[in-house]
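Numbering of ligands and ligand atoms starts at 1, following listing order. As the structure is a computational prediction, the values presented were derived from the model and not from experiment.
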Amino acid sequence: MITSKRTAQATPEALHRIFTIAEAPDSTLGRIEQEISHNLIGFLNNRIVASKNALTDIEQDFICPRIPEQPEFVSDHIHHLLDKLVAQSVHTASPSFIGHMTSALPAFILPLSKLMVGLNQNLVKVETSKAFTPLERQVLGMMHNLVYQEDESFYQAWMHSAQHSLGAFCSGGTVANITALWVARNKLLKADGDFKGITRSGLFAALQHYGYQDLVILTSERGHYSLQKSADILGIGQDSVIAIETDENNKIDCQKLAQKCQQLSAQNIKILAIVGVAGTTETGNVDPLDKIADIAEQYQCHFHVDAAWGGATLLSNKHRYLLNGIERADSVTIDAHKQMYVPMGAGVVVFKDPSSVADIEHHAEYILRKGSKDLGSHTLEGSRSGMAMLVYASLHIISRPGYEMLINRAIDKAKYFAKIINEHEDFELVTEPELCLLTYRYVPTSVQRLLSAADAEQQAELNLILGKLTKFIQKRQRENGHSFVSRTRIKVACYNDEKVIVFRVVLANPLTSKETLRDILAEQCLLAQESENFLPQLLAAAKV
Ligand SMILES: *Cc1c(COP(=O)(O)O)cnc(C)c1O
C-alpha cells in the first residue's frame with residue numbers, strides 16, 4: 001500500500017473539502033475515473049485478478065469490526081479498495097462468464113449512473129424527485145405498453161394519474177413478485193361491510209370473514225424461490241406455495257394445474273394466485289401462459305406472470321410470440337437488470353388494471369398525502385434511487401430494434417452452443433434453449449452408449465457418478481478463473497424424472513463469441529481428465 005506522507009485528520013475544514021472539492025484529475029482516483037469511463041472492460045480485465053483465493057481466505061481481508069478512528073485520504077483508501085475488493089471481485093462482464101444472468105453493461109451506463117447518484121433523488125415522494133417522478137411513471141407506462149399494448153388514450157388517461165399506477169418500480173424481481181402478490185391478496189380480502197379488510201384486520205380475521213379454509217399460490221416446480229419468500233411475508237406461509245409438476249419441456253402441466261384447482265375449490269381453499277413463469281431461472285422455459293390464463297379465469301384468481309428474466313423477450317418482434325398470453329395476466333414482473341442490460345436494482349411490476357394499486361395504497365401525514373402523486377404511496381419500498389433514469393436512457397439509446405437485435409443474437413448464440421454440444425461426442429445437451437439459457441453435461445461417448453442401453457437402476461448409478469464429475473469440473477473451472485458456468489440439479493424426463501446435476505449457461509453477454517463457447521467445451525474436456533476418481537470409474541464401467 002502506498003501511504004501518504006501526511007496523515008488525514010477529521011477537522012471541520014477537511015470535512016467541508018470532502019463535500020465540495022473533487023479529487024484532482026491526476027490523483028489516483030481521478031486516473032481511475034478516467035480509466036473506467038473510457039475503457040471499463042480493459043480496467044476490469046487488468047484489475048480483477050483470477051485468483052484462486054477461497055472465500056474463507058478473502059474473509060480474512062474483511063474481518064475487523066472496528067469503525068476506524070483514523071481517517072484516510074481518498075488516494076490512500078483507493079489502493080486498499082483496488083487490492084482487497086476490486087482484485088478479488090467476480091468479472092461478471094467477462095465474455096467467458098456465462099453462468100449467471102449478470103452480464104456486461106453498455107459503456108454509457110457508467111457516466112449516467114454517476115449523474116443519477118449525483119442528483120440523489122428520492123423517488124418516494126415528489127418533493128425529492130420532481131421530474132424523476134413523471135419519468136418513472138413514463139418508464140412504467142413503457143413497460144406496461146410492452147406487455148399489454150393498450151392504445152394511446154389509455155396511457156394518456158392513467159400514466160400520470162394520482163390515484164392510479166401502471167406498475168411499481170422496485171429493486172428487483174423479488175420485490176416485484178411480492179408487490180404483485182400483495183396487491184392480489186389485498187384485493188381478494190378487501191373491506192366488505194363491517195369487515196375492514198386485511199390491511200386493517202389481518203389475515204386471520206380476513207379468512208374468517210370470507211369463510212376460506214386457507215389461501216394458496218400455485219406455480220410450477222420451476223417457480224422462483226422468491227414466491228416462497230412472498231408467501232412467507234404475506235402471512236400465507238411457504239408451504240402454501242404449491243408446486244405443480246412440469247412436463248418434459250419444464251413447462252407447467254396444465255392438466256395437473258386444472259386438477260389441483262378443482263381439488264382445492266372442493267376443499268374451500270382459495271387460490272390467491274396462479275403464477276406462470278416466463279423464462280424459468282434454471283432452464284429458461286416459458287409456461288403456456290394462454291392456457292394458464294384460461295384456468296385462472298375459470299377459478300377467478302389473480303394471474304401473475306413472473307417474467308423477471310424472460311420478459312425482455314417481448315422487445316423482440318421475432319420471439320415475442322413465445323410469451324403469448326402474457327397480455328392476459330393481471331400483473332407481470334420484469335427485471336430490467338437482467339436482459340435489458342441495466343445495472344442491478346431495476347425491477348418492475350406492471351398491472352393490467354391501473355386501479356389495482358388502490359388496495360395497497362398507504363398514506364402518511366408529512367408525505368404521501370391523499371391525492372398526491374408520490375410514488376411511495378404504491379410501493380413496498382420507501383426511499384428509492386432514480387434507477388428508472390437508466391431504464392429510460394437505455395430504452396432511448398438502444399431502442400426497441402436494438403434490444404431486439406441483442407435478444408435475437410443471444411437466442412441464436414444459445415442455439416449455436418446447443419448445436420456444438422450435440423455435435424461433440426463427449427457432451428450431452430440436457431435442456432434445449434427456448435430463450436438464451438441451456439443446460440448440459442460432460443458424458444464421454446462410451447458412457448453415453450452405456451446409459452442409453454442401461455436400465456433405470458444402472459442409469460441412476462451412472463448419473464450419480466456423472467453428477468460428481470459435473471460438480472468437479474464446474475468447481476475447478478470456477479477456481480481456475482478463466483471461465484465460469486453455473487450448475488444446478490434438475491429433473492430429466494429421459495432418465496425417469498430422476499434429478500440430474502447439470503451445467504447451466506446464460507448466453508446474454510453480447511461480448512461472448514462462438515470461439516469463447518468452443519474454448520469452454522475444450523477447457524471442460526481437459527478438466528474432466530483431471531478428475532482422479534469419477535472419470536476412470538465411468539470409463540471402467542463403460543468398458544465392461
Ligand atoms: C431473477 C429472478 C427473480 C428474482 O429477481 P431478483 O431481481 O433477483 O430479486 C424472480 N423470478 C425469476 C424467474 C427470476 O429469474
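Side-chain atoms of Asp57 come within 3.5 Å of backbone N or O of Ala54 as a donor-acceptor pair. Panel note: side chain Glu282, backbone Ile490; no donor-acceptor pair is recorded below 3.5 Å. In terms of modelled atom types and a separation under 3.5 Å, the side chain of Lys413 and the main chain of Lys514 share no donor-acceptor contact. Looking only at distances, a side-chain donor or acceptor of Asp247 sits under 3.5 Å from a matching main-chain atom of Asn249.
For Tyr155 and His144, the ring centers sit closer than 6.0 Å to each other. When ring centroids are compared, Phe417 and Tyr440 come within the 6.0 Å threshold.
Annotation: atom 1 (C) of ligand 1 to nearest protein heavy atom, Lys338 NZ, 1.3 Å. In this structure, atom 6 (P) of ligand 1 lies nearest to the protein heavy atom Gly173 N, 3.3 Å. If you check which protein heavy atom lies closest to atom 4 (C) of ligand 1, you get His224 CE1, 3.3 Å. Nearest to atom 9 (O) of ligand 1 among the protein's heavy atoms is Thr174 OG1, 2.6 Å. Ranking the protein heavy atoms by distance from atom 11 (N) of ligand 1 puts Asp306 OD2, 2.6 Å first.
Every heavy atom of Gly347 sits 4.0 Å or more from the atoms of ligand 1.
Residue Gly172 approaches ligand 1 through these ligand atoms, each under 4.0 Å from one of its heavy atoms: 7 (O), 9 (O). Heavy-atom contacts of Ser226 reach the following atoms of ligand 1: 10 (C) (cutoff under 4.0 Å). The atoms of ligand 1 that sit less than 4.0 Å from any heavy atom of Ala308 are 2 (C), 3 (C), 10 (C), 11 (N), 12 (C), 14 (C). Below 4.0 Å from some heavy atom of His337 lie the following atoms of ligand 1, by number and element: 7 (O). Within ligand 1, counting atoms from 1 as listed, the ones closer than 4.0 Å to a heavy atom of Thr281 are 12 (C), 13 (C), 14 (C), 15 (O).
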Tell me, with the steps shown, if Lys318 and Glu404 meet salt bridge (charged side-chain N to carboxylate O under 4.0 Å, His left out). CA-CA 8 Å; Lys318 181 174 173 194; Glu404 160 140 32; over 6 Å; no

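Of the heavy atoms in Met344, none comes closer than 4.0 Å to ligand 1.
Counted within 6.0 Å of CZ on Arg409, heavy atoms from surrounding residues, nucleotides or ligands total 12 or fewer; the atom is thus considered open.
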